[in-house]
Every structure is written in C-alpha cells, then in structure tokens.
Amino acid sequence: MKKIILLALFSGALFCAKAQNKIDPNTIKDKMQWFADAKLGIFIHTGIYSVNGIGESWSFHNKLISHPDYMKQVKGFTLKNYDPAYWADLVQESGARYSVITTKHHDGVAMYDTKMNNLSSVKATPAKRDMVKPFFEELRKRNIKTGAYFSLIDWTNKDYPGFLKDSSRYKIANDYGRWNKFRSFFQGQIKEISEKFNPDLWWFDGDWEHSAEEWESQKVRQIMLARNPNTIINGRLQGYGDYDTPEQNFPVKRPTFKWWELCMTINDNWGYQPQDQNWKTPYEVITIFVDAVSNGGNLLLDIGPKEDGSIPEQEVHILKELGAWNKRNGEGIFNTVAGIDLGHFYGPTTLSKDSTTLYLFVYGKATGPLLLKGLDNKIESITTVGTGVALTHKVVGKISWSPVPGLVYIDLPESALDQYVTVLKVKLDKPIKLYTGQGGLQ
Ligand code: FHN
C-alpha cells in the first residue's frame, strides 16, 4: 500500500530522500571533504526522451505514450553535435566543482557502452557513442569531480518486476530466480561503470521500489568501494548512502543531515522538453544556491541537453550568469561552512572555516543600514566581496556593564550592490562569538 501511495505521488518530479541511517558519518568524514567544499554541481539528464522532448521514463510508465512508441526514440538519438569538451567548459564556467550525468535512467537505456545488454547509446542509437567516457575525461582535465547517476529501476528490462504504473511483470516472492537474474544484471552494470569510469560520486535513483535486502544495498555499496574506497554515494540506496538528497523542495529549516545536496531543475523538467519555457532566472538560481550553502548544503542544478547533444541557449545563459556571479562572490561560498542563525541576521550567511570571517548575503536591491544582532566580537573591517567597497558601521545600544552586545548597523550604498546578490565580508578580531540570550540583566 505504501508503495502504491508513493508511486501515485510521483509525476517524476517530487521526491524527498530518506535519511541515511546505516552509515556512521564519522567513518566517512575525510572522503566527504571535497563534497562539503564543492557547493555546486551540475546534473545532466541526457537520454532518448530528448528526441520527442517528453518526460524521462515517466511518460511511458504513466502511459502518456506507449512503451513501444517511447522506445522508438532510440532511432532519433543522434548526438551529432555532442561536444563533451564544451559541456565540461560550461560546467567549469558555472563555477561547479562536480557534475553528475545519467548513465542510465528508469527507461533502461544506457548512455555508455554496456556489455550487459544491447540497450545503449552505443548499440541501439544512430549516435553510436558512449557519452560518459569522453565527458568524464574532459571533466578530469579541468579538475572537476565526476558523478554517475544510475537508476536502480529499469522498467524496460524483462526481468525487472515493475513496468507501467498499474501493472507489474511478476512478484519477487513468486519468482526469486527471475529477480536474481535482474540483480546480476544491474550489479554487473554497476561493476562496469566502476571499472570503466571510476566515478568520484555515485548518484542512485529509484531505490523506493525495493528494500535494501532486495537490492542487496550493502553488497552494492561494497562493489563500488572495492574499486574506489573514496567514492561518495548519495542517499538513495535504502540506507547505504553517504549524504541526503532533498529534491526540488527547498528546506525551510536547516536540515539536520551532516551532508546534503538539493537537486533542482533549471526549468520544471529534468530532461529536455521544448514546451517548458519556465526557466528559473539567474537571480532565482543564485538565491536558491546561496540558501542551500548557507544551510550547509550543496546545489545540484540540472540541465537537459537536446537529442543532438546541444544545450539549450537559456541553460547556457543561466549557467554563465551563475558562473559570473561565482567569480565575483565565490569567496563567500567555496570553502566556507554554514552560517549563523537567522536571529542574528535576517538573511543567509556563511563562515570561513576558522570562523573569523562572516559573510552576509543581501538579496535584491536592499540597501542599508543592515542589522547584525548578538555579535560578541570586534569588527576589524566590512567590505563587499564583489566590488571591494569598504563599508562603515555603527554599534548601537551597547551598555558598558552588560554582557549583551550592541546592535551593528552596516551602511550599504546602492553603488556597492551586486546585480543579483551582494556579499559582505565581515572580518572579526577572533573566531565568531555570538550572544544568544534573551537580553535584559542576566
Ligand atoms: O524519477 C526521477 C526523475 O525522473 C529524476 O531523474 C529525478 C532526479 O533526481 N529523480 C527521480 C525521482 O526522484
């Protein structure tokens, strides 16, 4: 019943990842450091669904198109303008430190040269190309970490129990041999991807259809770690992943997960759909990004290339604007940690790792005076990160005999504002000390 409700909720858009509960964060702390510092990744949904420009996998699962008609798209997948170096350049220009590409979505069509069956961009489409290999090579040349998205669900595979939304092929309990056959198949693909591409990060999807025991999640984790003990695994392996992945939904309160990443579409869909012109603006993307980082998370921003391998111009524009903003203001983002509570500053903040610098993020056209509360430090200087303008401030209401710090009002002239989000760098005399009491005499 639970499974039916979950599936009903799906239109391929909403999903909130389960907290990882089987992996002790202390045992993986070191390998997670690059991920914690990376802050931004670019997600790429590429697949045959871009031929008709329809929903990735879900369109046939939800019976918007028949499965045979959906699969006919393999014949139109040409990749004739696929330029992996350009893709990697674009990822780099956005400021992202990692990129995750779909090696296989729920439709079962591999985007690499799998030897486990013939359903791949290499064997089944006119592209006759492995997309993953050259992309990873180009990313590595640019020092960008590589991520492999892999769908555990494989609705096209004849040995996979699930198929259309209201029909399945069989029940595992009634045909364990068949399930075992599928398990050898998907685990074989995971071994292949490990051996061929050695991803820095694995991004599983679709674990909700079966339990950890059924997927053999623990064994799957070991397959990947045997090849690369440092590889990072997202939290969609029924409790055997390293970090959590809220999807499309923005956390309002700071998540309690140790490591997390918000995955989000750049318009309303994961893959290329020409009718979807509901692009998020650069301002929206940047504020969402800042929000995630200020709460200790990453943003994995998704794009959907066309069947010929070209990237829609609106996506290029947004990635470039994001990159230009990162170039101006990245000091307040990369290699920082989550900021202070909203009670101290009514906006997002981050801290340098030694917490002697506080970064304040000011959205839109707001100008000062901005208010900082409960800061029990001496301020050495305040400047804007992007434009390097020195700002003046005033401490108000400090009572000499009281331990309660005064209010800090910061002047922010309009001329110092960033086009999107302005970042202020507050240099402190020592690691940040905050007063969190209730005021008064205590
Ligand atoms: O069903 C998929 C969906 O198509 C898309 O791939 C997203 C990306 O996170 N994940 C799934 C649902 O959670």
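Worth knowing before you read on, the calculation uses all heavy atoms, side chains too, and leaves out hydrogens, waters and symmetry mates. Predicted, not measured: the structure shown is a model, and the values here were computed from it. Start at 1 and go down the list; that is how both ligands and their atoms are numbered.
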Note to self: Give the atom numbers and elements of ligand 1 that come within less than 4.0 Å of a heavy atom of Arg236.
What the structure shows: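 Numbered from 1, ligand 1 contributes 9 (O), 10 (N), 13 (O).
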
Notebook entry, point to check: Do side-chain atoms of Thr384 reach the backbone of Ala416 as a donor and acceptor pair under 3.5 angstrom?
Noted result: no

Checklist line | Single hit among Lys196, Lys104, Glu192 for side chain to side chain donor-acceptor pair (under 3.5 Å) with Thr114 | finding: Glu192

Margin query: I'd like the name of whichever of His106, His45, His61 reaches closest to atom 2 (C) of ligand 1 through any heavy atom.
Written below: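 It is His106 that holds the nearest heavy atom.
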
Notebook entry, point to check: For ligand 1, which atoms have a heavy atom of Cys263 less than 4.0 angstrom away?
Noted result: 9 (O)

Item checked: Polar proximity ligand 1 side, Trp208 side, N/O cut 3.5 Å exclusive -> no

Check: At a non-hydrogen distance cut-off of under 4.0 Å, which region of Gln248 contacts ligand 1 (side chain, backbone, both, or neither)?
Finding: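 Gln248 to ligand 1: no contact under 4.0 Å from either part.
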
Notebook entry, point to check: Is the shortest distance from a Lys or Arg side-chain nitrogen in Arg142 or Glu138 to a carboxylate oxygen in the other one below 4.0 Å?
Noted result: yes

Note to self: Quick check: do Gln92 and Leu139 have side-chain heavy atoms less than 4.5 Å from each other?
What the structure shows: no

Next item on the list: May I ask you to identify, for Trp203, whether its side chain, its backbone, both or neither come under 4.0 Å of ligand 1 on a heavy-atom basis?
Entry: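 Near ligand 1, Trp203 shows its side chain, while the N, CA, C and O stay back.
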
Check: Would you say Trp87's side chain and Gly309's backbone share a donor-acceptor pair under 3.5 angstrom?
Finding: yes

Checklist line | Atoms in ligand 1 flagged as close to Trp58, the criterion being non-hydrogen separation under 4.0 Å | finding: 1 (O), 2 (C), 3 (C), 4 (O)

Next item on the list: Heavy-atom contacts with Glu56 under 4.0 Å: which atoms of ligand 1 show up? List them by number with element.
Entry: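 Near Glu56, meaning under 4.0 Å from one of its heavy atoms, ligand 1 has 3 (C), 4 (O).
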
Note to self: Can you confirm whether or not the ring centre of Phe257 sits under 6.0 Å from the ring centre of Tyr243?
What the structure shows: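 Not close enough - the centres of the two rings lie 6.0 Å or further apart.
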
